[in-house]
4 protein chains.
Amino acid sequence: MSHNTFGHLFRVTTWGESHGPALGATVDGCPPGVEVEAEAIQRWLDRRKPGQSKHTTQRKEADAVEILSGVFEGRSTGTPIQLMIRNTDQRSKDYGKIAETFRPGHADITYWQKYGIRDYRGGGRSSARETAARVAAGGVARAALTALAPKLEITGYMVGMGELEIDRSRFDWNEIGRNDFWCPDAQAAGAFAEHLDWLRRDDHNSVGATIECVARGVPVGLGAPVYGKLDTDLAAAMMSINAVKGVEIGEGMQAARLTGRDNADEITMGPNGPVYSSNHAGGILGGISTGQDVVVRFAVKPTSSILSERRTITKSGEETTIVTKGRHDPCVGIRAVPVAEAMMACVLLDHLLRHRGQVGDAGGRIG
Amino acid sequence: MSHNTFGHLFRVTTWGESHGPALGATVDGCPPGVEVEAEAIQRWLDRRKPGQSKHTTQRKEADAVEILSGVFEGRSTGTPIQLMIRNTDQRSKDYGKIAETFRPGHADITYWQKYGIRDYRGGGRSSARETAARVAAGGVARAALTALAPKLEITGYMVGMGELEIDRSRFDWNEIGRNDFWCPDAQAAGAFAEHLDWLRRDDHNSVGATIECVARGVPVGLGAPVYGKLDTDLAAAMMSINAVKGVEIGEGMQAARLTGRDNADEITMGPNGPVYSSNHAGGILGGISTGQDVVVRFAVKPTSSILSERRTITKSGEETTIVTKGRHDPCVGIRAVPVAEAMMACVLLDHLLRHRGQVGDAGGRIG
Amino acid sequence: MSHNTFGHLFRVTTWGESHGPALGATVDGCPPGVEVEAEAIQRWLDRRKPGQSKHTTQRKEADAVEILSGVFEGRSTGTPIQLMIRNTDQRSKDYGKIAETFRPGHADITYWQKYGIRDYRGGGRSSARETAARVAAGGVARAALTALAPKLEITGYMVGMGELEIDRSRFDWNEIGRNDFWCPDAQAAGAFAEHLDWLRRDDHNSVGATIECVARGVPVGLGAPVYGKLDTDLAAAMMSINAVKGVEIGEGMQAARLTGRDNADEITMGPNGPVYSSNHAGGILGGISTGQDVVVRFAVKPTSSILSERRTITKSGEETTIVTKGRHDPCVGIRAVPVAEAMMACVLLDHLLRHRGQVGDAGGRIG
Amino acid sequence: MSHNTFGHLFRVTTWGESHGPALGATVDGCPPGVEVEAEAIQRWLDRRKPGQSKHTTQRKEADAVEILSGVFEGRSTGTPIQLMIRNTDQRSKDYGKIAETFRPGHADITYWQKYGIRDYRGGGRSSARETAARVAAGGVARAALTALAPKLEITGYMVGMGELEIDRSRFDWNEIGRNDFWCPDAQAAGAFAEHLDWLRRDDHNSVGATIECVARGVPVGLGAPVYGKLDTDLAAAMMSINAVKGVEIGEGMQAARLTGRDNADEITMGPNGPVYSSNHAGGILGGISTGQDVVVRFAVKPTSSILSERRTITKSGEETTIVTKGRHDPCVGIRAVPVAEAMMACVLLDHLLRHRGQVGDAGGRIG
């Protein structure tokens, strides 16, 4: 990862600010011949789009994607694919005070201190709007994965919001798309909704969330020791999403509490190869995929832009307080779900291409 | 991060296997004129060296570093610095069965499935011995940081082992170097020792650990949105260490539980610039350092090589059980402490150089 | 250089096809605070624009650049700058036969063989239209260089066309902008014009050219041994331009004919440092700039799209002949001049930033 | 290419100084399962070894390579391969005056000005000894190519020295290994020998040379538009070799003199696919290999270290003269031949792996 680009063979560079004319992703390294259609990418974007429920920002953006290059007669040509999304609902007037005053917990102050200039309108480059470009790029990655690894399925969902958590015994894959929280537990989703309503309307507050993202049907052998590990790249991908403060693979931070006997996923032989008794490893051993589900989890901090008053300073160094009006997500974790799926798709495709390039069919068989 | 290299302007490539003739680090991009001495690097290596207490592997390695290039009359010349460590205590006979049988929870099986060949002696490239090369490279990074950011101090320590945790009210920086666990709480260190003795001798087991690593005196402005974030690179650096399963910045996974009001680090104006009321952010906002302490935490899973019997399979697909003899760390987290410090030094130096290159002195002032 | 990106700290990714909706450049790593204006970039683009004289293609393109991101109130913010140019005069009907038949000497056949799909309209990605994006990116590089190295001047010009060459004794910097060939020798420019008229109209042919590009006022110390040499990156930059078949630094291929005594640029001491008796080296020693003029020269092959009949084959393997109608440059070398300047600007800025990052002010003084 | 590393999937980082303890290459990305043996690499190194005839430096170095990692039971494992060569015949006393005085035409002065420190012993990092590491890495690349592209053959040879040139009508592939100049024309080799004897002994001078390097049996489709072109990477690879001042593909600089009609390689259909009437393109169209011979040519300037007196300055800025004693190649072009072959092998392997990763078997058929 460097600056605004991630990936090695499948490389995505995102560009654009919250209130500039447009934002997008320059996608290089998509294999040729892949069906890439604006409609399909749009469907992914629509999942992340703001203003779809009362639980997300009320900014209205069509997030309509245009494919400007790299696709000919509906298929990728092997050249860079430029995906552009025009901004349409900027309302720059909402952000007057923010030009001079730093929101606590926000990138306002570090952008200023680093660069000596910042596009303060809507957070500029640090806005979560940047993630629309990731989702668009992820749409291309998914299209390529459909061709190269047709059994692969990537699904993200919310497992916790504030102190509330899902009950894993009620986990239902089909429930995920049915509520406003991408939550696999209908009952928890109800509790999330109630809690968030109160936080937003009555408490003028925001809240963090825990998201899990699972890839099923991952080919064995993706990832390269020791710095190009699959988990290393997944951790980087998730940590690069706005407001993420922690990333876990498999057992994650809880692995510290286990003993070696408990943590070992024992191996037996099934009809199609190795079978594991459990998946503490989250589908990755030594940085390389085992063929089990790849499980990533991450924490999204609460939005720093809230209607409650906080102490802060101005550019000229004066102490003041700030109440952030404007249209903000009370729980950015919700819209982080499709973003995480997109990042996972990009990372897996990149590793699939790298594996194919460097290893080809040299892998070892068992049995 | 790609394959065996990490960093952009300060680039480290490690090489070598556990039981090969040698291992080392090729360090490119050290600024010229930095005092680089084998003795100083050796002091860092000695902290990670095996066999220093009963709590780590009993393999005896001097881990003596040789500087083969890039240093002239005690100072770096701007050319690649090659750091080599000869392996001396390999005892390959210990590892007979491992050639054919995969240890559960170990990279044995994925290396085989990916590459169709693996150096099974001592885990080959997947051995924690690889981290000696990281520590050596970190010694170069520290030397450069001493010149470029003299106030910077990086300190790692253990905050939890299994179910045991330190009591933050007893935190003592000076205690860290005094016990076998790099633990800032003397009482907890005693409990760790007792627990680990029992696990190793009586329970034939191993255990995970939680490590925290703090950088004090970090200049404001390191890190680059949106994929070259400082926290992104720190997460990748820590996740790339063997056996790490989760990484946190500041509040980490707990950030999901907080509200925006609680999580905001309020800002006031001090005599030398902004002062923060707290450090939930872990010293990083929008991917860029604030000047507060940069706080990283990670979980190390328990060693998979244990004396207890576990079910597994062989290369030919037969089901069997395995008891791993040989010399293994019952808690690899202990020796992960100097490794994490080294990784943090490398990441911070890399970002310092990138910042200097791209931003120079263009940063904004406050007040 | 990788795929569609070049540069390390100043990174340019170009995208777009000849007859797609748009093309452009994603520019990452421009230092913050640089004055970047569409008008200034447009002036560079206008130098490369087609249809400005009878000696270039008659395709009419405004080549109007839009800045979509990375610039706020007229200055760069340190975030990616997206430069987009809409295609307006595509006339796809001109290219019917080209869908099935490969032009000899053109990328048609290799794109097909490599990718199994190609955008044949106007050559798709292999069209010289891609170089418009380079010139736009070069405009950003020039703006940054104006701030960071104000004495630096980059000038390209044509020194030969077919068998015709300039007479160096008539070299006049001021003449370069006055004729249709960026030629510093007015008399040679006249001969070029006459020759090209005949070639195009009567001979239905095209012709190659030799271009030279000089940077004056280059700071000492740019370039890094041994693979990040300044001349290595300049060679790659020029060779990446369409139709370029050879690149020279200083004496270039003639260096093979010289003796060591003749080739040495002897050094004396002037009031401001070292003075060289000559510049056989082309301003670069050991890959690092000396402070003398950096001199690059390259050969552009004749356009392969000509009105004369050539033997070739179709996709289905049938032998046939082809006469390429449509609007093509009889001497693509002319429009390569502003492209080469842009590439040189990008390479020099990239090296300036890398030098600043890794070396800072550690350089050695003389005297 | 960045600093001391080249390649993308097959990455080579060289390290080491002329008079340090050792030098070598860190080779990352060799596919697994390739037969890599020290003896085979040694055979390539022996071709470059100094002191083999009176026409090269009389420094005696065994150039014995040690494989320190990445190879297990004679085959590559997919992990980094460390190749080390100990320096044995340094004689640092020869280089006294060079510590303070800059040789005209040498990197002495720019290294000093850039870094403020330089290992002046034998030229340090700028010495042609660095190319031993390239040849060793090239040995690994050749081993991998033998497995992946068994028909590929890479051969370098000298086509000119000073004013002398070979006669292409006497070109004999078998002659290349029979004389001290890797010259395919026995008669020219004799003239080269006579001329070089006189230059060295009587004229105390050195001379430049032109080298050509040809790859036969290159698969169709290697290279990626528009900055990852095969010719771009070959140009960079050759220009990165010490003393190289110009690089040509196919017709090279002469392409400027041709018309489109003459330059077009006409295409007909042969039993195994397209057949070209000529190879002006040097086997590359649009940056992608055509399957014809890939032809690269480059000029090596004369050694700057000569026994004739030249004017120069010292570090303290005093004007003086210098006569370089010590052991130097009167024509470094000779030993550049195996180096160029090694670079070509590395570039071709890298592109083969990239192609396999990103394109797989998606390429288009003809007929």
Side-chain angles (χ1 to χ4, degrees), chain C residues 1-3 6 8 104-105 107 110 112-114 116 126 205-210 220-221 224 227-228 231-232 235-236 239-240 245-249 252-253 255-256 258-261 263-264 266-269 285-286 288 299 301-303 306 308 310-313 317 319 362-364 366-367, chain D residues 1-3 6 8 104-105 107 110 112-114 116 126 205-210 220-221 224 227-228 231-232 235-236 239-240 245-249 252-253 255-256 258-261 263-264 266-269 285-286 288 299 301-303 306 308 310-313 317 319 362-364 366-367:
Chain C
M1 296 223 174
S2 79
H3 307 278
F6 66 93
H8 296 260
T110 50
W112 168 252
Q113 288 183 299
K114 182 179 184 85
S126 73
N205 211 341
S206 63
V207 71
T210 306
V220 175
Y227 302 114
D231 34 2
T232 294
M239 195 61 97
S240 78
K245 300 302 284 184
V247 183
E248 303 186 314
I249 305 292
M253 297 304 291
L258 297 180
T259 68
R261 209 152 50 222
N263 185 62
E266 291 182 296
I267 318 175
T268 52
M269 198 64 193
L285 287 175
I288 299 170
K301 72 175 184 183
T303 319
I306 51 176
S308 295
R310 299 280 87 191
R311 298 168 63 203
T312 189
I313 59 174
E319 299 194 342
I366 291 176
Chain D
M1 295 222 174
S2 80
H3 308 276
F6 67 93
H8 296 259
T110 49
W112 169 251
Q113 287 183 301
K114 182 179 184 85
S126 73
N205 211 340
S206 62
V207 71
T210 307
V220 175
Y227 303 114
D231 35 1
T232 293
M239 195 61 98
S240 79
K245 300 302 285 183
V247 183
E248 303 187 314
I249 305 291
M253 298 304 292
L258 297 179
T259 68
R261 209 153 50 221
N263 185 62
E266 292 182 296
I267 317 176
T268 53
M269 199 62 194
L285 287 174
I288 298 171
K301 72 176 183 182
T303 319
I306 51 176
S308 294
R310 298 281 87 191
R311 297 169 64 203
T312 190
I313 59 173
E319 300 194 341
I366 292 176

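Naming: A, B, ... by sequence-line order, numbering from 1 per chain.
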key: Max heavy-atom pair count under 4.5 Å with chain C, selected residue of D:Ala209, D:Gly317, D:Gly364   = D:Gly364
query = Who passes side chain to side chain donor-acceptor pair (under 3.5 Å) against C:Arg310, sequence neighbours left out?
reply = none
inquiry  = What part of D:Ile366 gets within 4.5 angstrom of chain C, counting heavy atoms only: side chain, backbone, both, or neither?
reply    = both
request  = List the atom of D:Pro302, the atom of C:Ala255, and the distance in Å for their closest heavy-atom pair.
outcome  = CD-O, 3.4 Å
message = Ignoring hydrogens, what is the shortest heavy-atom contact between C:Ala256 and D:Ala299? Give both atom names and the distance.
response = CB-CB, 4.0 Å
inquiry  = Set out, in order, the CA-CA distance, both residues' side-chain angles and the distance that settles side chain to side chain contact (heavy atoms under 4.5 Å, CB included) for D:Thr210 and C:Met253, then state yes or no.
reply    = CA-CA 8 Å; D:Thr210 307; C:Met253 297 304 291; 4.2 Å; yes
task = May I ask you to name which of C:Val220, C:Thr259, C:Val207 has the most heavy-atom pairs under 4.5 Å with chain D?
result = C:Thr259
query = Between D:Arg311, D:Met239, D:Lys301, which shows the greatest number of heavy-atom pairs under 4.5 Å with chain C?
reply = D:Arg311
message = How long is the straight-line distance from CD of C:Glu266 back to CD1 of D:Ile313, given to the nearest 0.5 Å?
response = 12.5 Å
note = Taken in chain and number order and not counting sequence neighbours, the residues that satisfy side chain to side chain donor-acceptor pair (under 3.5 Å) with C:Glu248 are C:Arg297
ask   = Which one, C:Gly286, C:Pro104, C:Gly363, C:Ala107, leads in non-hydrogen pairs under 4.5 Å with chain D?
value = C:Gly363
message = For chain C, which candidate among D:Ala224, D:Gly252, D:Gly105 shows the most heavy-atom pairs at distances under 4.5 Å?
response = D:Gly252
key: Portion of C:Thr268 that has a non-hydrogen atom of chain D nearer than 4.5 angstrom   = both
query = Measuring heavy-atom distances to chain C, does D:Ala362 have an atom under 4.5 Å in its side chain, in its backbone, in both, or in neither?
reply = both
task = Go through the atoms of C:Gln113 and report whether side chain, backbone, both or neither lie under 4.5 Å from a heavy atom of chain D.
result = both
ask   = Between the side chain of D:Thr110 and the main-chain N/O of C:Leu285, is any donor-acceptor distance below 3.5 Å?
value = yes
remark   = Comparing D:Leu258, D:Ile306, D:Thr303 against chain C, the one with the most heavy-atom pairs below 4.5 Å turns out to be D:Leu258
